[in-house]
Amino acid sequence: SVLLSMLALVLAHAAATPDEVLQARRGSFEPLVGLLQSGSEAAKEQAAWELTHLAINPTNKARIAEAGGIAPLVELIRSGGAEAKRKAAEALRNLAESSDNRRKIVDAGGIAPLVQLVRRGNAAAKELAAWTLMHLADADQEKVVAAGAIRPLVELARSGSAGGKEQAAGTLHALAIFHAGNREKIVIAGGVEPLTELARRGSDMARDWATQTLELLRRDQSRTKEEL
């Protein structure tokens, strides 16, 4: 297949042995994980891209994690080039669709570099990082918020790409839905204005998420007035 041909090319570029190529074709992820850990910058980037595609398969999500793929992907987001960071974020986004992997990404220290990517990544990387953080909020909302995620997510909702705005709205909603303290932080970070704009003019999904979050914020405000 095209995927296997690309994989063989990557492994050859990293001076892989024929046995390593054969392992990868048989579904062993260790060669790709090895490239993420010690390959050239180009090989790391391509390995992340291969894992992105392989992680679409539900069975592969677990096997990539078992092969140790999560920690080097997190490290690539932390220290790779712009395109490598984007590809690593996409791989983690796919892996984080598995609830078991969400905790593993959190434990590997993935939240802080993803928040940093929302702040300073390219447009595609910001969207992917926000998407991954939405999954990770399901595993540990407190750590996502403690890493400073709310303010850059609000900024992404205000000035990101269309996809970035949509995903920022989704992640803010995930942080807001069960936690009044997080809703207060969204208000303090200036989230009402961009969410209101998305509720009016965003994509269908962005409008839904923004509208639901704004309703939660309004309910908090009403309760505060009643208490006063």
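The two residues Val74 and Ala108 make their nearest non-hydrogen contact at CG1-O, 3.7 Å. Closest non-hydrogen pair, Leu76 versus Ala48, comes out as CD2-CB, 3.8 Å. Nearest heavy atom pair, residue Ala189 against residue Ile150, reads CB-CG2, 4.0 Å. Nearest heavy-atom pair across Ala55 and Lys61 is O-NZ, 2.6 Å. The minimum heavy-atom distance between Gly148 and Arg119, with the atom names listed, is O-NH2, 3.5 Å. Residues Leu175 and Asn182 approach most closely at O-ND2, 2.9 Å, considering heavy atoms.
Considering only heavy atoms from C-beta on, Arg151 stays 4.5 Å or farther from Glu155 through its side chain. Between Thr171 and Val118 the shortest side-chain heavy-atom distance does not fall below 4.5 Å. Thr196 places none of its side-chain heavy atoms less than 4.5 Å from the side chain of Glu193. Side-chain contact between Lys185 and Ile188 is absent, with no heavy-atom pair separated by less than 4.5 Å.
Hydrophobic clustering of Ile, Leu, Val, Met, Phe, Trp and Tyr side chains at less than 4.5 Å, counting indirect connections, unites Leu216 with Phe178. Two different hydrophobic clusters hold Leu51 and Leu128 under the rule that ILVMFWY side chains link at heavy-atom gaps under 4.5 Å. Hydrophobic clustering of Ile, Leu, Val, Met, Phe, Trp and Tyr side chains at less than 4.5 Å, counting indirect connections, keeps Leu172 apart from Met134. Under a hydrophobic-cluster definition in which Ile, Leu, Val, Met, Phe, Trp and Tyr are linked whenever side-chain heavy atoms come within less than 4.5 Å, directly or via other members, Val145 and Val192 are assigned to the same cluster.
Of the N and O atoms on the side chains of Arg218 and Gln221, not one donor lies less than 3.5 Å from an acceptor on the other residue.
Taking CD from Glu166 and CH2 from Trp131, the interatomic distance works out to 8.0 Å, rounded to the nearest 0.5 Å. Here the CG-NZ distance, from Leu153 to Lys126, works out to 11.0 Å after rounding to the nearest 0.5 Å. Rounding to the nearest 0.5 angstrom, the gap separating the CD atom in Gln37 from the NZ atom in Lys44 is 9.5 Å. Rounding to the nearest 0.5 Å gives a distance of 5.0 Å between CH2 of Trp209 and CD of Gln167. Note that CD of Gln141 is 6.5 Å distant from NE2 of His179, once rounded to the nearest 0.5 Å. How far CG of Leu36 is from CD of Gln46: 11.0 Å, rounded to the nearest 0.5 Å.
Checking side-chain atoms of Arg102 against main-chain N and O of Leu136 turns up no donor-acceptor pair under 3.5 Å. Listed for the Glu197 side chain is no donor-acceptor partner under 3.5 Å among the backbone atoms of Ala157. Arg207 places a side-chain N or O within donor-acceptor distance of the main-chain N or O of Gly202, the cut-off being under 3.5 Å. For the pair Thr52 (side chain) and Lys87 (backbone), a donor-acceptor distance under 3.5 Å is present. A donor-acceptor pair under 3.5 Å is absent between the side-chain atoms of Asp220 and the main chain of Arg183, judged by distance alone.
The side-chain contact (heavy atoms from CB on, under 4.5 Å) test with Leu54 is passed by exactly one of Asn94, Leu95, Ile64, Thr59: Ile64.
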*Show your working on salt bridge (Lys or Arg N to Asp or Glu O under 4.0 Å) between Arg103 and Asp107 and close with a plain yes or no.*
CA-CA 6 Å; Arg103 172 49 59 184; Asp107 291 344; 3.4 Å; yes
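By the neighbour-count criterion of 12 heavy atoms within 6.0 Å, atom CD of Glu184 is sparsely surrounded, having that number or fewer from other residues, nucleotides or ligands.
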